[in-house]
*Asks:* 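Following this message is one structure expressed as structure tokens.
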Amino acid sequence: MSVTTDSSTDAQSIANVHGVKRVWPVRYHKLQYTRSAFNASSYPSLFRETGVEKAIEELGLDGKGVKIGIVDSGVDYTHPELGNCWKTEGCPWQYGADFIGDNYNASSPSPIIAPNPTPMDCDGHGTHVSGIIAARGPLVRGVARGASLGMYRVFSCPIDGNVYSSDDIILQGIEAAYKDGHGIISLSLGGGAWSEDPLAVACSRLVEKGVVVVAANGNDGSSGLFTAGSPAVGKGVISVGSVDNWNITGHTATFSTPNGARSVLLSTPGSELLPFVFESPVAVVALVDGSGNNEGCNSTSRNLSGKVALVKRGTCTFVQKALNAQEAGAVGIVIYNNDSGMLSPGVNSSITIPTVIISRSDGTALEEGALQGESTVVARMDAFGTFPADTGGMMSSFSSYGPTPELGIAPLVSAPGGNIWSTYPQKLGSYATLSGTSMATPFVSGVVALLKQAQPDLASADIRDILVESAQPLLDNTTGKLIHPYHSGAGLVNAFHAITARARLSPSSISINGSDWHVGSNINDNQSDGYLQWTVRELEITNLDSKYGMHVWLEGGGASDSLSLYMPNGSLALSPQTWPPGSSNWTEGSQRTTDPRVITPNVAEYVGPGKKSQITIKISAPTGLDRLESWYYGGVLNFTVQWDVSNRRGSYYVPYAGYDGNYRMTNVLAPASTGFPAITDAQKRPIDNLNQFTVSEDNIALLVYSLLIPSRVVSASLIDDNNKSLGYLPYGYIEYATRNHLEGSNPTSVAIVNGTVYTDKDATLPRNVTSGQYRVRLAALRPLGDATNNADYQIWESAPIRIG
């Protein structure tokens, strides 16, 4: 439940009420996903590469009898590929409700919550997610088309480009999905980074009750490590990363020039309300001026009435190019890229003509032809073409990285999420291509439905283990090593392998946080030279075959890329630095290696029919990476299993990852090279001479800092000349703080220096300090630290600053 109080009631007062176990502040959420550059449909490739095709065609599975609860923005249940029904006999939509309505605005002081009778989608996200799970065709094929569905709408209609919700509303949807008896709950949403987050706590409790919870890992991959979100990081939750689509099936147009006809792939239009459709030939004009400029950034005197303009990307905005063509009378504009790849042109409401982008190679060829003579274009609504994707099967650049704050592996598995074509509200075009871990999550939810249909008695923990051990590890084509588990988890999900798995490994992943290191000891008769750190783990392997025994051996440790938050020169890496390129590595000594080592004393273990066995694994950290660069290493344990039948053999995988060094001593605050922490004026401008700056009611200062990794406790205090803390600054006490993204939407955090401090953590007991000189002390708890031990904090103090 959630409560709203006046300023006289604080969190501690609510916590003291009988029956209250814990109190969290309500946070607001915005849906995060992107419209892709083109409409992409590649179900044969998607299903083939992920084992869904074999599960459907060879095993006859479709998710029938399995209930999936979707907590999202609603669904256009009138869509012909989604049943065109709501809670009628034979309808896939038998459950669900609206918990928010159409006008919820988190930026409003009093957000309006006015649920509708049904969870009709006005944004598109939920309808797209629903199609990935269970669309019935013919244009979109869901993974589990026979599943029974529930939609729990917790996101409102777009307001100023944002789609809002809040923790308490999302929790209502999750709880309702559980009460309706869904065995799977699919959550393409998130925020935060801790398993103690309220959404993560709720989902973890549902897992304990037997529900399979599948959640998006997040779309902050460009910000690097520690960007996995909640509830994906919740205990027992299946967190999902994204890989890009293999083939692209998008709208095409046929251009005819004196050089011949050419079929060209179009991006999605700049506005979904203005599709690039010309059923009859329309003249095409290449806008090249007398100086040879072809970018269309200047207004043109040419009469483009009834024609389509062709220009090159560059120099000015897409809006400016489109506006110039529009004012000259053009009925459409085609912008060709000046680089490799594709993107969708961003335009605003001032543009009233269709605007699309085409590839650089297509654009240069068309421009050359159009300059030679009369050229036309035909773009029919039903014209599609299929093209291979350069990044197919690779991790999506937007997919968030782990680890969790305690070095847990997140995501656990990955699935197709980049450039996914699916259903969309009919009022918004019926179909669309979106990208995000939001799209990968329902794919995995569908796979879980197939697995539950095949093996209905599986526990939620078993399903989680099976998905991980049966996934296919992904290769980094640049380094030749595996993709780090902090980015891909165990690898690409495979439905057929999961369903037909005859062995089970537990735990399904190994997180090494240094709490049980052996340092400078003998490992497998190789004496350490003093740098070696190693850990011992026990894996339990179960033979699920009741008739045949099996032999198990470790095929290899499958080292992955190593990742670092820093560049070799010590500066902060905006995206993870990857070894081997760019790292200083040690070569002296026989034991210097830049890969972790994996050793098992049991070369081949025999496990009888229906029996279990323990396998001892030793993993040593790399000794050849420079620990000053703070590396995170990892890999995948590859177990080969051979049954007592000649044709029965399989591979099972367990990802592992850890930190090369003492994780407990890792710095939490961003390095000084970033310019933080710092005391600034109210506009976040650095104060050059702090000793000449006086804080007053009209002249406040700010403490500005940036967290490199999450911290369980961050405090900002005012310190007097006797080194005594007078209290916390406003906004100066945070528990379970997430990391900042220096190039993202939250680059820094702030506390206010205005002469007021609070003597309690909940900021309910203020006091004004007397005039004088003080220092600001920032304390951030290091990883795995004890909040009551001052030695476990990273401390920063300012120069003296005068107050009053």
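Remember, predicted model here, so these are calculated numbers, not experimental data.
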*Asks:* I need the Leu61 CG to Leu450 CG distance, nearest 0.5 Å.
*Replies:*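 Rounded to the nearest 0.5 Å, the CG-CG separation comes to 6.0 Å.
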*Asks:* Search all heavy atoms of Leu482 against all heavy atoms of Gly558 and return the closest pair with its distance.
*Replies:*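 Distance-wise, the nearest heavy atoms are CD1-O, 3.2 Å.
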*Asks:* Test side chain to side chain contact (heavy atoms under 4.5 Å, CB included) on Leu189 and Ile170 and set out the steps.
*Replies:* CA-CA 9 Å; Leu189 51 84; Ile170 295 172; 4.2 Å; yes
*Asks:* What I'd like to find out is whether the side chain of Asp561 reaches to under 4.5 Å of the side chain of Tyr632, using heavy atoms alone.
*Replies:*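 The answer is no, as the side chains (C-beta and beyond) never meet within the 4.5 Å cut-off.
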*Asks:* Can you check whether Tyr566's main-chain N or O pairs, donor with acceptor, with Gln577's side chain at less than 3.5 Å?
*Replies:*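 Here the side-chain-to-backbone pair exists.
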*Asks:* Can you tell me how far CG of Asn477 sits from OG1 of Thr479, rounded to the nearest 0.5 angstrom?
*Replies:*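 That separation rounds to 8.5 Å.
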*Asks:* Mind checking whether Trp194 and Tyr736 have parallel, tilted or perpendicular rings, split at 30° and 60°?
*Replies:*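 Rings of Trp194 and Tyr736: perpendicular, as their planes differ by over 60°.
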*Asks:* Do Arg537 side-chain atoms and Thr616 backbone N/O form a donor-acceptor pair below 3.5 Å?
*Replies:*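 No, the answer is negative, given that no donor and acceptor are paired below the 3.5 Å cut-off.
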*Asks:* Is Thr441 reaching over with its side chain to a backbone N or O of Ala216, donor-acceptor style, under 3.5 angstrom?
*Replies:*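 The answer is yes, because a donor-acceptor pair under 3.5 Å joins these two groups.
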*Asks:* Taking the side chain as every heavy atom from C-beta outward, state whether Trp579 and Glu629 have any atom pair closer than 4.5 Å.
*Replies:*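 When only atoms from C-beta onward are counted, Glu629 and Trp579 do not touch, as no gap falls below 4.5 Å.
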*Asks:* Give a yes or no on whether a salt bridge exists between Lys547 and Asp644, defined as a side-chain N under 4.0 angstrom from a carboxylate O.
*Replies:*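 Not counted as a salt bridge, because no side-chain N and carboxylate O are separated by less than 4.0 Å.
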*Asks:* Go through the steps for Thr50 and Asn494 under the test side chain to side chain donor-acceptor pair (under 3.5 Å), then give the verdict.
*Replies:* CA-CA 4 Å; Thr50 56; Asn494 189 292; over 6 Å; no
*Asks:* Just one of Ile174, Val213, Val129 clears the side-chain contact (heavy atoms from CB on, under 4.5 Å) bar with Val71, so which one?
*Replies:*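 Among Ile174, Val213, Val129, the one that satisfies the side-chain contact (heavy atoms from CB on, under 4.5 Å) with Val71 is Ile174.
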*Asks:* If I compare all heavy atoms of Gly142 with all of Phe47, which pair ends up nearest, and what's the gap?
*Replies:*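 For Gly142 versus Phe47, the nearest heavy atoms are O-CZ, 3.8 Å.
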*Asks:* Closer than 3.5 angstrom, by distance alone: can the side chain of Arg782 be matched with the main-chain N or O of Met665 as a donor-acceptor pair?
*Replies:*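 Yes: the side chain of Arg782 pairs with the backbone of Met665.
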*Asks:* Hey, what do you get for CD (Glu605) to CD1 (Ile541), rounding to the nearest 0.5 Å?
*Replies:*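 If I round to the nearest 0.5 Å, the distance is 8.5 Å.
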*Asks:* Between Ser630 and Tyr659, does any side-chain donor sit less than 3.5 Å from a side-chain acceptor?
*Replies:*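 A donor-acceptor contact under 3.5 Å links the two side chains.
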*Asks:* Go through it in stages, so that I can follow the logic: the residues are Asp465 and Ser508, the test is side chain to side chain donor-acceptor pair (under 3.5 Å), and I'd like the CA-CA distance, side-chain angles, deciding distance and then a yes or no.
*Replies:* CA-CA 5 Å; Asp465 289 347; Ser508 57; 3.0 Å; yes
*Asks:* Is it true that a side-chain atom of Ser460 and a backbone atom of Val212 form a donor plus acceptor pair closer than 3.5 Å?
*Replies:*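 Between the backbone of Val212 and the side chain of Ser460 there is no qualifying donor-acceptor contact (under 3.5 Å).
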*Asks:* Salt bridge check, Arg664 against Asp792: does any charged N sit closer than 4.0 Å to a carboxylate O?
*Replies:*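 The answer is no: the pair does not qualify as a salt bridge.
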*Asks:* I'd like to check Phe496 versus Glu53 (side-chain heavy atoms, cut-off strictly below 4.5 Å). Are they in contact?
*Replies:*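 When only atoms from C-beta onward are counted, Glu53 and Phe496 do not touch, as no gap falls below 4.5 Å.
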*Asks:* Gly624 and Thr594: which non-hydrogen atoms are nearest, and at how many Å?
*Replies:*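 Answer, listing the atom of Gly624 first, then Thr594: O-CG2, 3.6 Å.
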*Asks:* Donor-acceptor pair, Arg502 side chain versus Leu544 backbone, under 3.5 Å?
*Replies:*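 Yes.
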*Asks:* Would you say Ile510 and Ile512 make side-chain contact, with heavy atoms under 4.5 Å?
*Replies:*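 Heavy-atom side-chain distance check passes, below 4.5 Å.
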*Asks:* Within the structure provided, determine whether Ile709 and Pro783 are in side-chain contact (heavy-atom separation under 4.5 Å).
*Replies:*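 Contact flag for Ile709/Pro783 side chains = yes.
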*Asks:* Heavy atoms only: give me the nearest Ile466-Ala498 pair and the separation to one decimal.
*Replies:*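 That closest heavy-atom pairing would be CG2-O, 3.3 Å.
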*Asks:* What do the steps show when you test Arg649 against Trp643 for side chain to side chain contact (heavy atoms under 4.5 Å, CB included), and what is the final call?
*Replies:* CA-CA 6 Å; Arg649 186 174 179 143; Trp643 279 267; 5.7 Å; no
*Asks:* Which is it for Lys481 and Ser560 under the side chain to side chain donor-acceptor pair (under 3.5 Å) test, yes or no, and what are the steps along the way?
*Replies:* CA-CA 5 Å; Lys481 297 180 181 294; Ser560 71; over 6 Å; no
*Asks:* Does Glu49 reach the main-chain N or O of Trp246 with its side chain, forming a donor-acceptor pair under 3.5 Å?
*Replies:*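 Absent.
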*Asks:* How long is the span from the CD1 atom in Ile68 to the CD1 atom in Ile184, to the nearest 0.5 Å?
*Replies:*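 Ile68 atom CD1 to Ile184 atom CD1 measures 4.5 Å (nearest 0.5 Å).
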*Asks:* Assess the side chains of Ser613 and Glu540: does a donor N or O sit below 3.5 Å from an acceptor N or O?
*Replies:*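 Per modelled atom types, Ser613 and Glu540 side chains form no pair under 3.5 Å.
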*Asks:* Might you work through the side chain to side chain contact (heavy atoms under 4.5 Å, CB included) test for Lys612 and Asn543, ending with a clear yes or no?
*Replies:* CA-CA 6 Å; Lys612 299 180 180 181; Asn543 183 358; over 6 Å; no
*Asks:* Just to verify, what does Ser242 make a side-chain hydrogen bond (donor to acceptor under 3.5 Å, both in side chains) with, not counting sequence neighbours?
*Replies:*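 Residues passing side-chain hydrogen bond (donor to acceptor under 3.5 Å, both in side chains) with Ser242: Ser396.
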*Asks:* Show your working on side chain to side chain contact (heavy atoms under 4.5 Å, CB included) between Thr542 and Leu505 and close with a plain yes or no.
*Replies:* CA-CA 7 Å; Thr542 302; Leu505 289 159; over 6 Å; no
*Asks:* Search all heavy atoms of Leu412 against all heavy atoms of Ile238 and return the closest pair with its distance.
*Replies:*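 Looking at all heavy atoms of both residues, the shortest contact is CD1-CA, 4.3 Å.
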*Asks:* Supply the atom-to-atom distance Arg504 CZ to Leu539 CG, rounded to the nearest 0.5 angstrom.
*Replies:*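 Interatomic distance, Arg504 CZ to Leu539 CG, rounded to 0.5 Å: 14.5 Å.
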*Asks:* Check whether any side-chain heavy atom of Pro231 lies under 4.5 Å from a side-chain heavy atom of Leu187, and answer yes or no.
*Replies:*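 The answer is yes; the side chains approach within 4.5 Å.
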*Asks:* Over 60° means perpendicular and under 30° means parallel, so classify the ring planes of Tyr401 and His487, tilted if in between.
*Replies:*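 Answer is parallel, since the angle falls under 30°.
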*Asks:* Between CD1 of Ile185 and OG of Ser445, what distance do you get to the nearest 0.5 Å?
*Replies:*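 Between Ile185 CD1 and Ser445 OG, I get 10.0 Å after rounding to 0.5 Å.
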*Asks:* Could you tell me if Glu555 and Trp553 have a donor-acceptor pair between their side chains, going purely by distance under 3.5 Å?
*Replies:*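 The answer is yes; a qualifying pair exists.
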*Asks:* Could you tell me whether the side chain of Asn217 and the main chain of Ser239 form a donor-acceptor pair under 3.5 Å?
*Replies:*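 No, the answer is negative, given that no donor and acceptor are paired below the 3.5 Å cut-off.
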*Asks:* For this output row, return yes or no: ring centroids of Phe639 and Tyr652 closer than 6.0 angstrom.
*Replies:*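 Aromatic pair excluded; centres sit 6.0 Å or further apart.
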*Asks:* Do side-chain atoms of Ser435 reach the backbone of Asn419 as a donor and acceptor pair under 3.5 angstrom?
*Replies:*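 Pair found, side chain donor or acceptor close to backbone of Asn419.
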*Asks:* Do Tyr486 and Ile409 touch side chain to side chain, with heavy atoms closer than 4.5 Å?
*Replies:*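 Counting from C-beta outward, Tyr486 and Ile409 do come under 4.5 Å.
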*Asks:* For Ala471, is there any backbone N or O sitting under 3.5 Å from a side-chain donor or acceptor partner on His497?
*Replies:*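 No, His497 side chain to Ala471 backbone: no donor-acceptor pair under 3.5 Å.
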*Asks:* Hey, mind stepping through Trp631 and Asp626 against side chain to side chain donor-acceptor pair (under 3.5 Å) and telling me if it holds?
*Replies:* CA-CA 8 Å; Trp631 289 98; Asp626 188 343; over 6 Å; no
*Asks:* Tell me the closest heavy-atom pair linking Ser651 and Thr640, and the distance in Å.
*Replies:*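 Closest pair (atom of Ser651, atom of Thr640, distance): OG-OG1, 4.4 Å.
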*Asks:* Using side-chain contact (heavy atoms from CB on, under 4.5 Å) as the criterion, point out the one residue from Thr437, Ile132, Val240 that pairs with Val444.
*Replies:*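 With Val444 as partner, Thr437, Ile132, Val240 yield a single side-chain contact (heavy atoms from CB on, under 4.5 Å), made by Val240.
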*Asks:* Any heavy-atom pair between the side chains of Leu563 and Leu225 that's under 4.5 Å?
*Replies:*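 SC-SC contact between Leu225 and Leu563 confirmed.
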